[in-house]
Amino acid sequence: MPDFTPTPADKFTFGLWTVGNTGRDPFGESTRNALTAPYIVQKLAELGAYGVNLHDNDLVPIDATPSERDRIVTEFKQALSDHGLVVPMATTNLFTDPAFKDGAFTSADARVRAFALQKTMHSMDLGAELGAKTYVFWGGREGTEVDASGKLLDALQWYREGLNYLAEYSEHQGYGYRFALEPKPNEPRGDIFLPTVGSALGFIHTLDRPELFGVNPEFAHETMAGLNFVHAVAQAIDAGKLYHIDLNDQKMSRFDQDLRFGAENLKSAFFLVKLLEDSGYDGPRHFDAHALRTEDEAGVWAFARGCMRTYLMLREKARQWSEDAEIQAALAAYRVEDEELAQLTAFSQENAQALKNRTFDRQALGRRGPGLEQLDQLTVELLLGLRGNP
Ligand code: GCO
Ligand code: MN
Ligand code: MN
């Protein structure tokens, strides 16, 4: 029985803002003390994580002087090298400061849009200095509560111009970033632009350098929208656009909960892990979640350990699933292939004519039971640990 202790080879990452979350919510104050960045690095390394990600202001306060910034960054880099952690992803805080209350790249105020570009370039410089190769754009304030602004089409154009500009900047600086757009349907705005993975994938193809852009799908965000996260990730993989992933959990249609990975939708988490592992995705497995507000610091580390441990347990279950003879037989029986039809459905004039003339036993097709009830029940029993350990 594997012991499910993570190692850096598993590529688990956390944000400074995740384990550093102090439990504040719109209705109540912090319930835990803030943790320093070097301490977070030390603790994550002890737990077996691979890396730590950050927004600019998770590390450097927005009003820090240049010398304060340099001191903080030097201390942080020292902690990273002392404990062997990397920073694979960086991002910008374009949501906390009141300047961004009506959007950053999509603000109707050209001064705010330019300030957002300036802040992001400084943050990209910081990320590059720390070795980040993925740069995330989560447009938390890019949206509206009221559409009386009449800015929808302009906002999308401003968004596009901002992303095009920053891609140029990255290339010009030689940073080599791959950019990952992170969709979310709402919260903190009433409606956020590019609300789903599908919207982001569509938008990417309107950019000047689409090859530099992919997505950073988040379990909670698609689930808030009532969508199937595993399907969204599959579509991102199919498009060659899964550049990063935010793992957490969430009850459907609620406020943004950021629950521990696997805490709520265990079966979806299983199919997600299986999809990631089967697909050969080799990027970080990033946990964008936080401990419950009820917890003290011990609860924070129990949360972090739990995220990684659940991922590893589900990875082991995925391995068992692919080696379970009965499950594999049910899976094989589910699919029907036909060599003659494979030929006829390769397009040519003659094949198309032959296919049009072909007789199908429609009633027989409709009568066939594909065995999905049994296959799914076998999966449930495997997840519950009742199918041995092949
Ligand atoms: C949220 C988002 C953020 C982003 C983060 C990095 O719902 O608050 O998921 O946590 O992931 O800003 O881009
Ligand atoms: Mn989120
Ligand atoms: Mn996220």
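Just so you know, ligand 1 is whichever comes first in the structure, and atom 1 is the first atom listed for that ligand.
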Keeping the roles fixed (side chain from [X], backbone from [Y]), state whether a donor-acceptor pair exists under 3.5 Å.
X	Y	value
Ser170	Ala167	no
Asp249	Asn265	yes
Thr379	Leu375	yes
Asn351	Ala346	yes
Arg32	Glu295	yes

* Looking only at N, O or S atoms, find the one in Asp246 nearest to the Mn ion (ligand 3) and name it. =>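 Output for this pair reads OD2.
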* For Asp288, what is the atom name of its N, O or S atom nearest to the Mn ion (ligand 3)? ->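 Looking only at N, O and S atoms of Asp288, the one nearest the Mn ion (ligand 3) is named OD2.
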Can you list the atoms of ligand 1 that are under 4.0 Å from a heavy atom of [X]?
X	answer
Lys184	1 (C), 7 (O)
Glu182	2 (C), 4 (C), 6 (C), 9 (O), 11 (O), 13 (O)
Asp288	2 (C), 3 (C), 4 (C), 9 (O), 10 (O), 11 (O)
Asp246	11 (O)
His221	1 (C), 2 (C), 7 (O), 9 (O)
Val136	13 (O)
Thr91	6 (C), 13 (O)

* To do: Have a look at ligand 1 and work out which part of Glu218, if any, has a heavy atom under 4.0 Å from it: side chain, backbone, both or neither.
  => side chain
* For ligand 1, indicate whether the residue Asn216 contacts it via side chain, backbone, both or neither (heavy-atom separation under 4.0 Å). =>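 Within the 4.0 Å criterion, Asn216 makes no contact with ligand 1.
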So, [X] and [Y], do they make that salt bridge, N to O below 4.0 Å?
X	Y	answer
Glu222	Lys184	no
Arg189	Glu187	no
Lys119	Asp97	no
Arg209	Glu171	yes

* Can you find an N/O atom of Trp138 closer than 3.5 Å to an N/O atom of ligand 1? -> no
* **Under 3.5 Å: N/O of Asp258 near N/O of ligand 1** => no
* Asked: the Mn ion (ligand 2) is nearest to which N, O or S atom of Glu218?
  ->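 That would be atom OE2.
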* Asked: Among pairs that include at least one residue of residues 257-279, which meet salt bridge (Lys or Arg N to Asp or Glu O under 4.0 Å), considering only residues two or more places apart or in two chains?
  -> Lys251-Glu264, Lys267-Asp376, Lys274-Asp278, Glu277-Arg285
* Structure fact -> Heavy-atom closest pair (Gly385 atom, Lys317 atom, distance to 0.1 Å) is CA-NZ, 3.6 Å
* To do: Please determine if the Mn ion (ligand 2) has an N/O/S atom from Glu182 lying under 2.8 Å away.
  => no
* Any heavy atom of Glu187 sitting closer than 4.0 Å to ligand 1? -> no
* Any heavy atom of Trp17 sitting closer than 4.0 Å to ligand 1? ->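 Checking ligand 1 against Trp17, which is what was asked, there is a heavy-atom contact under 4.0 Å.
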